[in-house]
Protein chains: 2
Amino acid sequence: MKLEKIRDFLKNENLKITPQRLAVLEAVIKLGNHPTAEKIIEFIKKNHPNIAVGTVYKTLEIFVDKGLVNKVKSDKDVMRYDAVLVKHHHLYCAKSDRIEDYYDDDLNKILEKYFKKKEIKYFKIEDIKLQIIGNFTNK
Amino acid sequence: MKLEKIRDFLKNENLKITPQRLAVLEAVIKLGNHPTAEKIIEFIKKNHPNIAVGTVYKTLEIFVDKGLVNKVKSDKDVMRYDAVLVKHHHLYCAKSDRIEDYYDDDLNKILEKYFKKKEIKYFKIEDIKLQIIGNFTNK
DNA sequence: ATAATTGCAAAAGCTTTGCATGGCC
DNA sequence: GGCCATGCAAAGCTTTTGCAATTAT
């Protein structure tokens, strides 16, 4: 997302445009690959040494509420954040904390079709995310 | 899983059969629905008031290592545990912490077939879990 | 001007750890 | 008896909170 778009977005949500907020979003986007709060803070501190831990958490929470950022969690570690808004799934390394995005529109269509036919009693589906667990064979 | 099976399992893994271990596994099984450590401790304390929190966590971790119990985590809350070993997926309530199991062999077959054809470069799949997010329409 | 946001530090969970005591094999 | 497992309490980590000072609009 471009800087101008981000400013507009914040403005539309009645959120003040502060250097901290821009820095947090920049960090999530530039770091990529589902950074932890710790990594985000580390990244921001390079250019913005006085940012407070609490500010980063609060800002991330606001972005999650507004849908600018998503939370990603595996079965083993701390909260991680993701600024990729396009629908996607995740590849989880069984042995490490590595998480990669997986895009596949055919798959999404198959799932959509499947669940349209085979409705779940007592449950209205909003979204489906695959956790694909396995091992990366490259380094 | 029956008590005798559990005893055999522990024996085979060279784990001592202790009342605490039996109680933890019993709690996870009887509570069902992905209890938190807190709920497990609460349940066990009824019959076993002196059990230590640390013991429960250590025991759960051992069971997870040995594959007797799985960890389940949503994007929002603490670690939860699951003694259902049959392959299944999860329905996550978008508004609460409710998590229900979802079994569907047809779905598993479709996914298996799909990923057999459409291999992911650099990744060897071991398991696929669906996080189905939405709303329960019963109470 | 004023209301929202920040930094700071303390507090609040949840989970882990160290060690002496106790219990299983 | 030997060694593993437990209980207890303290410590560790991540995340949240309260509040005075600061900043965006």
Side-chain angles (χ1 to χ4, degrees), chain A residues 3 6-28 34-45 47-66 68-69 71-81 97, chain B residues 3 6-28 34-45 47-66 68-69 71-81 97:
Chain A
L3 192 64
I6 294 169
R7 301 180 92 94
D8 287 351
F9 185 94
L10 295 178
K11 198 166 284 180
N12 281 335
E13 297 284 352
N14 285 317
L15 295 170
K16 288 185 179 169
I17 297 162
T18 67
Q20 291 86 343
R21 285 178 177 162
L22 298 176
V24 169
L25 196 49
E26 185 196 10
V28 180
H34 325 91
T36 60
E38 194 190 359
K39 287 220 186 289
I40 293 166
I41 292 162
E42 185 191 321
F43 181 94
I44 296 172
K45 285 210 165 172
N47 297 313
H48 206 304
N50 291 328
I51 195 163
V53 169
T55 302
V56 174
Y57 278 101
K58 277 178 204 159
T59 304
L60 286 168
E61 213 50 43
I62 290 170
F63 289 167
V64 170
D65 283 352
K66 300 299 185 188
L68 256 185
V69 164
K71 290 185 174 184
V72 182
K73 207 177 229 173
S74 74
D75 290 349
K76 52 177 170 252
D77 60 3
V78 300
M79 192 60 71
R80 296 169 66 159
Y81 299 88
D97 291 339
Chain B
L3 192 64
I6 293 168
R7 300 181 92 93
D8 288 351
F9 185 93
L10 294 177
K11 200 166 281 180
N12 281 335
E13 297 283 354
N14 285 317
L15 296 170
K16 287 185 181 168
I17 296 161
T18 66
Q20 290 86 345
R21 285 180 177 160
L22 297 176
V24 169
L25 197 48
E26 186 196 9
V28 180
H34 324 93
T36 59
E38 194 189 359
K39 287 221 187 290
I40 293 165
I41 292 163
E42 185 190 323
F43 181 93
I44 296 173
K45 286 212 167 172
N47 296 313
H48 205 306
N50 291 327
I51 195 163
V53 169
T55 301
V56 174
Y57 277 103
K58 278 178 203 160
T59 303
L60 285 167
E61 212 51 42
I62 289 170
F63 289 166
V64 170
D65 283 352
K66 301 299 186 186
L68 258 184
V69 164
K71 290 185 175 183
V72 182
K73 209 177 224 171
S74 76
D75 290 350
K76 49 176 171 258
D77 60 5
V78 300
M79 192 61 69
R80 297 169 65 158
Y81 299 89
D97 290 339

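Values below: every heavy atom of this structure, side chains too, minus hydrogens, waters and symmetry copies. Note on naming: letters A, B, ... go to the chains in the order of the sequence lines (proteins, then strands), and numbering restarts at 1 for each one.
Rounded to whole Å, atom C1' of D:dC13 lies 16 Å from atom NZ of A:Lys39. As a whole-Å value, the separation of A:Arg80 CZ from D:dC13 P is 19 Å. Separating the NZ atom of B:Lys73 from the P atom of C:dT15 is a distance of 7 Å, rounded to the nearest angstrom. Between the CD atom of A:Glu13 and the C1' atom of D:dT25 there is a distance of 17 Å, given to the nearest Å. Atom CD1 of A:Ile41 and atom P of C:dC8 are 13 Å apart (whole Å). Separating the CG atom of B:Leu22 from the P atom of D:dA5 is a distance of 13 Å, rounded to the nearest angstrom. Nucleotide D:dG12 holds its P atom 18 Å from the OH atom of B:Tyr57, rounded to whole Å. One can place NE2 of A:His48 at 15 Å from P of C:dT5, the figure rounded to the nearest angstrom.
Within the 3.5 Å criterion, the main-chain N or O of A:Thr59 finds no donor-acceptor partner in the side chain of A:Arg21.
Listed nucleotides D:dG7, C:dC24, C:dC8 differ in distance to B:Thr18; the shortest reach to its side chain belongs to C:dC24.
Counting all heavy atoms, side chain and backbone alike, A:Lys45 lies closest to A:Ile51 at CE-O, 3.6 Å. For the pair B:Tyr81 and B:Lys71, the tightest heavy-atom approach, listed with the atom from each and the gap, is CE2-CG, 4.1 Å.
Taking the nucleotide of DNA chain C with the nearest heavy atom to each of B:Pro19 and B:Gly54, the more 5' of the two is matched to B:Gly54. The 5' end of DNA chain C is approached more closely, in terms of each residue's nearest nucleotide, by B:Val78 than by the other of B:Val78 and B:Lys16.
Salt-bridge check for B:Glu38 with B:Arg80: failed, with every basic side-chain N at 4.0 Å or more from each acidic carboxylate O.
Counting atom types as modelled, B:Lys58 pairs a side-chain N or O with a base atom of C:dG18 as donor and acceptor under 3.5 Å.
Note on B:Gln20: a side-chain N or O is less than 4.0 Å away from OP1 or OP2 of D:dG7.
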